[in-house]
Amino acid sequence: MTDHFTFTVAATDGPARTGEIRMPRGVIRTPAFMPVGTAGTVKAMYPEQVKALGADVVLGNTYHLMLRPGAERVARLGGLHAMMQWPYPILTDSGGFQVMSLAGLRKLDETGVRFQSHLDGSTHLLSPERSIEIQGLLGSDIQMQLDECVRLPAPESAIESAMRLSLRWAERCRIAFGDQPGKAMFGIVQGGDIPALRVESAKALVDLDLKGYAVGGLAVGEPQATMLAMIETVEPHLPTAKPRYLMGVGTPDDIVQAVSRGIDMFDCVMPTRAGRHGMVYTRHGRLNLRNARFAEDNTPLDPESTCPAANLYSKAYLHHLVRAGEILGMMLLTWNNLSYYQDLMAGLRKAIAEGRLQDFIGETREGWQKAER
Ligand SMILES: Nc1nc2c(CCNCC3CCCC3)c3[nH]c(NCCc4ccccc4)nc3cc2c(=O)[nH]1
């Protein structure tokens with residue numbers, strides 16, 4: 001293992017790349033899907049299971065963990081890796097996005113975001129400096145800058161002011177982060193659905209010479225076409241030698257489309273959240289196992305899958321568990337969904353290495369048509 005942070009591109013296929021990020025705690029194979037472990041756990045999964053599926057890195061969150069159990073407490077207990085028994089890389093979001101979607105009473109100004117906890121109403125300030133401090137206390141390997149993400153559609157003035165504030169906060173986060181070998185701080189490109197603002201944001205962040213660049217402010221209500229257009233706008237202005245992370249994305253189709261446009265890292269609550277609500281992702285598309293049509297379907301989700309949740313249990317049994325609200329139902333569907341997402345990423349990495357990405361995408365999208373019918 002290395003004592004620092006390196007990103008190597010092993011092969012490309014058009015704008016798409018496959019490679020690896022090497023860090024002291026492990027290697028992240030890209031394109032990578034990062035399961036979300038909001039409150040220090042990938043819900044309904046054991047860490048060993050998450051690793052066995054092929055996940056090299058999981059996400060934690062400043063907002064949730066600062067409120068409960070508290071950043072200083074996590075540090076006193078030895079950090080997030082020790083607590084959750086995940087010795088591999090952890091990426092933490094900076095918390096701003098969650099404050100704007102979860103917290104009560106919130107006031108955003110140059111200093112940061114003041115908000116009330118959605119748990120007990122206590123008031124907190126999340127500044128760029130405090131966000132980086134919290135991520136450090138958690139022991140995070142890849143830390144995200146604090147930013148302001150605007151939901152779309154939005155007035156250009158709101159998008160512009162959020163983009164510029166995020167740039168000022170990026171600078172403050174870079175100073176607060178300092179020089180931590182083996183760890184990384186990523187900037188987040190903002191600019192909404194306005195190409196000129198996107199380019200300005202990307203260029204300014206690249207000038208800060210950060211270890212990686214996230215594309216934020218997307219998957220916030222805009223059509224997929226808009227999201228893809230913004231990726232195409234930003235990509236040429238990001239260094240090829242550094243990882244690109246598309247935040248909060250997404251469905252399997254979003255992911256394959258974004259990989260083909262040069263994105264290396266993804267996170268999304270979709271596979272885990274959907275699993276808890278009876279939705280499964282398979283090579284044949286998405287199925288809602290609550291549907292009565294599965295009540296006597298004695299076939300497994302996917303006999304070709306290596307995951308027991310997909311190749312062993314019948315749809316009828318999974319349907320029963322979901323209808324009955326059984327805990328095992330959440331466990332098995334989450335297991336299936338994360339397994340499918342990791343298999344998709346492995347397929348993408350292999351296809352790029354073999355120079356057949358478009359063929360792979362074609363075959364994969366054809367397979368999804370079966371179930372939706
Ligand atoms: N800092 C920051 N974070 C963003 C996030 C959160 C990414 N996951 C964080 C994890 C850490 C813990 C929680 C999540 C986003 N998530 C989405 N879309 C999610 C869309 C979605 C919503 C519900 C279900 C599925 C998809 N867009 C995002 C944009 C930004 C952004 O600009 N800045």
Side-chain angles (χ1 to χ4, degrees), residues 32-43 55 57-68 80 84 90-103 108 112-113 118 126 128 131-132 134-135 138 140 142-152 154 158-159 162-163 165-167 169-170 173 185-193 197-198 201-202 205 210 212-224 226-227 230-231 234 244-255 258 263 265-277 279 281 286 337 341:
F33 180 78
M34 307 183 285
V36 170
T38 305
T41 152
V42 177
K43 294 181 176 17
V57 48
V58 298
L59 257 76
N61 194 278
T62 293
Y63 173 74
H64 298 85
L65 293 165
M66 74 186 277
L67 297 180
R68 183 179 56 193
L80 200 50
M84 64 186 288
I90 291 176
L91 183 150
T92 45
D93 199 359
S94 46
F97 183 83
Q98 289 73 33
V99 166
M100 301 317 275
S101 38
L102 286 170
L108 182 145
V113 198
H118 70 290
L126 194 55
S131 177
I132 294 295
I134 289 169
Q135 296 179 72
L138 298 176
S140 172
I142 301 177
Q143 303 176 22
M144 302 309 295
Q145 71 155 96
L146 186 69
D147 60 329
E148 184 191 355
C149 170
V150 171
R151 259 94 177 135
L152 296 176
I159 293 172
M163 183 276 276
L165 176 65
S166 296
L167 283 181
W169 282 0
C173 286
M185 195 208 94
F186 283 15
I188 304 176
V189 177
Q190 292 293 347
D193 52 2
L197 294 178
R198 282 281 172 187
S201 177
L205 287 171
L210 302 172
Y213 297 94
V215 182
L218 293 175
V220 286
E222 79 287 355
Q224 187 196 54
T226 304
M227 177 179 82
M230 289 306 107
I231 295 169
V234 167
R244 296 89 175 259
Y245 162 25
L246 181 57
M247 304 189 83
V249 174
T251 66
D253 189 48
D254 291 338
I255 290 175
I263 299 293
M265 299 161 75
F266 299 87
D267 89 275
C268 191
V269 296
M270 198 80 85
T272 40
R273 183 177 297 176
R276 297 194 303 278
H277 293 88
M279 303 296 280
Y281 288 92
R286 197 181 66 163
N337 289 356
Y341 266 64

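Order of listing sets the numbers, starting from 1, for every ligand and every atom in it. Starting from 1, each residue takes its place in the sequence as its number.
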**OP:** May I ask whether G96 places a heavy atom under 4.0 Å from ligand 1?
**Re:** no
Original post:
Nearest to atom 12 (C) of ligand 1, what protein heavy atom do you find, and at what distance?
Top reply: N61 ND2, 3.3 Å
Original post:
For ligand 1, which atoms, with element, lie under 4.0 Å from some heavy atom of V36?
Top reply: 12 (C), 13 (C), 14 (C)
Original post:
Is Q145 near ligand 1, meaning one of its heavy atoms is under 4.0 Å from it?
Top reply: no
Subject >> Shortest non-hydrogen separation from H118 to L102 and the atoms involved >> reply: CB-O, 3.5 Å
Original post:
Under the side chain to side chain donor-acceptor pair (under 3.5 Å) criterion, do Q135 and T92 qualify, and how do the steps go?
Top reply: CA-CA 7 Å; Q135 296 179 72; T92 45; 2.8 Å; yes
Original post:
Is any side-chain heavy atom of I134 closer than 4.5 Å to a side-chain heavy atom of M66?
Top reply: yes
Original post:
Just which atoms of ligand 1 are under 4.0 Å from any heavy atom in L59?
Top reply: 9 (C), 10 (C), 11 (C)
Subject >> For atom 28 (C) of ligand 1, the protein heavy atom that lies nearest, with its residue and separation >> reply: F97 CE1, 3.5 Å
**OP:** Using a 4.0 Å heavy-atom cut-off, say whether Q190 meets ligand 1 through its side chain, its backbone, both or neither.
**Re:** side chain
Original post:
Does ligand 1 have a heavy atom under 4.0 Å from the side chain of A214, from its backbone, from both, or from neither?
Top reply: neither
Original post:
Pick one: which of Y281, Y245, Y341 meets ring-ring contact (aromatic ring centres under 6.0 Å, His included) with F33?
Top reply: Y341
**OP:** Heavy atoms only: give me the nearest L146-W169 pair and the separation to one decimal.
**Re:** O-CB, 3.4 Å
Original post:
Of the non-hydrogen atoms in M247 and M144, which two are nearest, and what is the gap between them?
Top reply: CE-CE, 4.0 Å
Subject >> Verify atom 22 (C) of ligand 1: protein non-hydrogen atom under 4.0 angstrom away >> reply: no
**OP:** Would you kindly specify which portion of H64 sits under 4.0 Å from ligand 1, judged on non-hydrogen atoms: side chain, backbone, both or neither?
**Re:** neither
Subject >> Main-chain N/O of L197 paired to S201 side chain as donor or acceptor, under 3.5 Å >> reply: no
**OP:** Check for a donor-acceptor pair, side chain of Q145 on one end and backbone N or O of I188 on the other, with a separation under 3.5 Å.
**Re:** yes
Original post:
Is there a donor-acceptor pair closer than 3.5 Å between any side-chain N or O of S131 and the backbone N or O of S94?
Top reply: yes
**OP:** For atom 20 (C) of ligand 1, grab the closest protein heavy atom and report residue, atom and distance to one decimal in Å.
**Re:** A219 O, 3.4 Å
Subject >> Partner of V36 by side-chain contact (heavy atoms from CB on, under 4.5 Å), out of L91, N61, D267 >> reply: D267
Original post:
To which protein heavy atom is atom 19 (C) of ligand 1 closest, and what is the distance rounded to 0.1 Å?
Top reply: G248 O, 3.5 Å
Original post:
What residue and atom, counting heavy atoms only, is the protein's closest point to atom 8 (N) of ligand 1, and at what distance?
Top reply: D267 OD2, 2.8 Å
Subject >> For the student: nearest non-hydrogen atoms of G192 and I159, plus distance >> reply: N-CG2, 3.5 Å
Original post:
Given D93 and Y63, is the side chain to side chain donor-acceptor pair (under 3.5 Å) satisfied, shown in steps?
Top reply: CA-CA 8 Å; D93 199 359; Y63 173 74; over 6 Å; no
**OP:** Using a strict cut-off of 4.0 Å, indicate which atoms of ligand 1 neighbour a heavy atom of G217.
**Re:** 29 (C), 31 (C), 32 (O)
Subject >> atom 6 (C) of ligand 1: nearest protein contact (heavy atom, Å) >> reply: D93 OD2, 3.3 Å
**OP:** Examine M270 against ligand 1 and note whether any of their N/O atoms are separated by less than 3.5 Å.
**Re:** no
Original post:
Looking at I188, which atoms of ligand 1 are within less than 4.0 Å of one of its heavy atoms?
Top reply: 1 (N)
Original post:
Hey, which atoms in ligand 1 end up nearer than 4.0 Å to a heavy atom of C268?
Top reply: 25 (C), 26 (C)
**OP:** State whether the shortest distance between N or O atoms of D147 and N or O atoms of ligand 1 falls below 3.5 angstrom.
**Re:** yes
Original post:
What atoms in ligand 1 come closer than 4.0 Å to a heavy atom of R273?
Top reply: 23 (C), 24 (C)
**OP:** Around atom 13 (C) of ligand 1, find the nearest protein heavy atom and jot down its residue, atom name and distance.
**Re:** T38 OG1, 3.7 Å
Original post:
Nearest to atom 24 (C) of ligand 1, what protein heavy atom do you find, and at what distance?
Top reply: V269 CG2, 3.4 Å
Original post:
How far apart are the closest heavy atoms of A219 and G248, and which atoms are they?
Top reply: CB-O, 4.1 Å
